[in-house]
Amino acid sequence: MNMNQIDKAKRLFICFGEIADGFLEEAEATDIATARAARKRVVRNSAIGAGAGAVGVAGIVATCLLLRSRRGRRVTMSVEVA
Amino acid sequence: MEDHSILDLFFARQESAIAETKRKYGGRLYRTAMHILYCNEDAEECVSDALLKAWDAIPPTRPEKFGAFLAKITRNLSINRWEAKSAEKRGGGEMDLLLSELEDCIPASDGPEDAFEATVVTDAINVFLETLEQSARVAFVLRYFHGEPIRDIAERFQMSESKVKSMLFRIRKKLLVHLEKEGVIV
């Protein structure tokens, strides 16, 4: 890129500095919204992970309770992972 | 604190106006300055200078969009400082890359150099930005006003960097066509 092109690119870059305020506000609002959405995704994914873990543990406990031996009956205890 | 409350502090000449402004906008202003200057000390100084300029301007000015008002001051100060420094050396950051990208948008022209008028170019850019879809427009503003790196825009929009690059490339080409059609001289 020769010096003339550099100067023109610089001029254009400077002109971007005077774009309408509404566009800057829109970008700012989108910036905040996408950051908020990204935080929600992290929280949601963590909750899903924790929930899946809780369901798994609950499933194991429930299966064990179902297979608990009763008085006079011989049963084989088995544990199924939900 | 809401903008109108901060502006009321400016009008009352309460120095807490500066602190509140820095609390609300300091981070964003610093990032914009940093993208241009790539130097922590220079970026912090530009933000401080921008807050001082705001203090001097308000009142009588009461900007309708305070965030945009501050962003423009900061950007201009950062560019001035970058130009002063770039005469000595280039210090990294996004500026060299940004300028090389904007080469795509420079209309070929046989017109005289002194036919360049900044307001004409800016008006044409604003008209062009109106034609874009919101996500494209926001990405373009983040890149060419705030100087956001491609990777940050990609992360923000949950896109790949190559997709962002392609999108910006297509927009630059469209801007070139628009500027040529409008007979704009850069």
Side-chain angles (χ1 to χ4, degrees), chain A residues 1-66 79-82, chain B residues 25 28 36 63-69 71-73 75-76 78-79 82-83 86 95-96 98-107 109 113 116 118-126 129-130 132 134-135 137-148 155-158 175 179 184-186:
Chain A
M1 183 160 57
N2 60 39
M3 279 307 298
N4 194 30
Q5 289 292 83
I6 293 174
D7 286 340
K8 288 186 175 184
K10 211 184 294 181
R11 274 184 190 171
L12 194 54
F13 184 72
I14 290 170
C15 286
F16 273 108
E18 297 304 319
I19 60 175
D21 289 353
F23 295 141
L24 299 184
E25 293 239 318
E26 179 188 50
E28 182 73 25
T30 306
D31 204 11
I32 292 167
T34 51
R36 202 173 281 152
R39 281 197 296 275
K40 277 187 184 168
R41 270 196 297 277
V42 168
V43 169
R44 190 181 66 231
N45 290 343
S46 300
I48 288 171
V55 166
V57 168
I60 292 170
V61 170
T63 305
C64 289
L65 288 173
L66 280 172
V79 172
E80 292 175 15
V81 176
Chain B
Y25 291 108
R28 162 50 82 190
I36 293 171
E64 276 190 43
K65 298 191 189 320
F66 190 41
F69 173 79
K72 287 181 175 181
I73 294 175
R75 189 182 190 269
N76 287 339
S78 302
I79 290 171
W82 176 82
E83 285 192 296
S86 68
M95 278 304 290
D96 290 340
L98 285 166
L99 294 181
S100 70
E101 288 173 17
L102 288 177
E103 186 191 3
D104 294 342
C105 309
I106 299 171
S109 168
E113 288 295 308
F116 166 73
T119 50
V120 171
V121 177
T122 304
D123 287 347
I125 291 171
N126 279 322
L129 289 175
E130 275 288 348
L132 297 178
Q134 189 190 38
S135 56
R137 181 169 54 239
V138 167
F140 203 70
V141 168
L142 288 175
R143 181 69 180 144
Y144 299 113
F145 180 91
H146 290 288
E148 291 262 347
E155 192 179 318
R156 211 184 305 279
F157 284 93
Q158 292 286 294
L175 175 59
L179 292 178
V184 164
I185 293 175
V186 177

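Throughout, protein chains are lettered first and strands after them, A, B, ... in sequence-line order, and every chain is numbered starting at 1. Hydrogens, waters and symmetry mates play no part in the numbers below; they use all other heavy atoms, side chains included.
The distance from the CG atom of Leu24(A) to the CZ atom of Phe145(B) is 4.5 Å, given to the nearest 0.5 Å. Here Lys72(B) contributes atom NZ and Asp21(A) contributes atom CG; the two are 4.0 Å apart, rounded to the nearest 0.5 Å. Expressed to the nearest 0.5 Å, how far OH of Tyr25(B) lies from CD of Glu28(A) amounts to 7.0 Å. To the nearest 0.5 Å, atom OH of residue Tyr144(B) and atom CG of residue Leu12(A) are 10.0 Å apart. Separation of atoms CG (Leu129(B)) and CZ (Phe16(A)) is listed at 6.5 Å; rounding is to 0.5 Å. Taken to the nearest 0.5 Å, the CD1 atom of Ile6(A) stands 12.5 Å off from the CG atom of Leu102(B).
Contact of Glu64(B) with chain A is not made at all, since no heavy-atom distance falls under 4.5 Å. Proximity to chain A is limited to the side chain of Asn76(B), based on heavy atoms less than 4.5 angstrom apart. Residue Leu98(B) touches chain A through its side chain alone, counting heavy-atom pairs closer than 4.5 Å. Looking at Leu132(B), there are no atoms closer than 4.5 Å to chain A (heavy atoms on both sides), in backbone or side chain.
Here Arg75(B) pairs with nothing under the side-chain hydrogen bond (donor to acceptor under 3.5 Å, both in side chains) rule; sequence neighbours left out. Under the side-chain hydrogen bond (donor to acceptor under 3.5 Å, both in side chains) criterion, Glu18(A) pairs with no residue at all, not counting sequence neighbours.
Closest heavy-atom contact between Lys8(A) and Val186(B): O-CG1, 3.3 Å.
Counting heavy-atom pairs closer than 4.5 Å to chain A, the top-ranked of the candidates Ile125(B), Val121(B), Asn126(B) is Asn126(B). No other option in Val141(B), Thr119(B), Asp123(B), Asp104(B) has as many heavy-atom pairs under 4.5 Å with chain A as Val141(B). With chain A as partner, the option from Ala118(B), Ala139(B), Ser135(B), Ala68(B) having the largest number of non-hydrogen pairs under 4.5 angstrom is Ala68(B).
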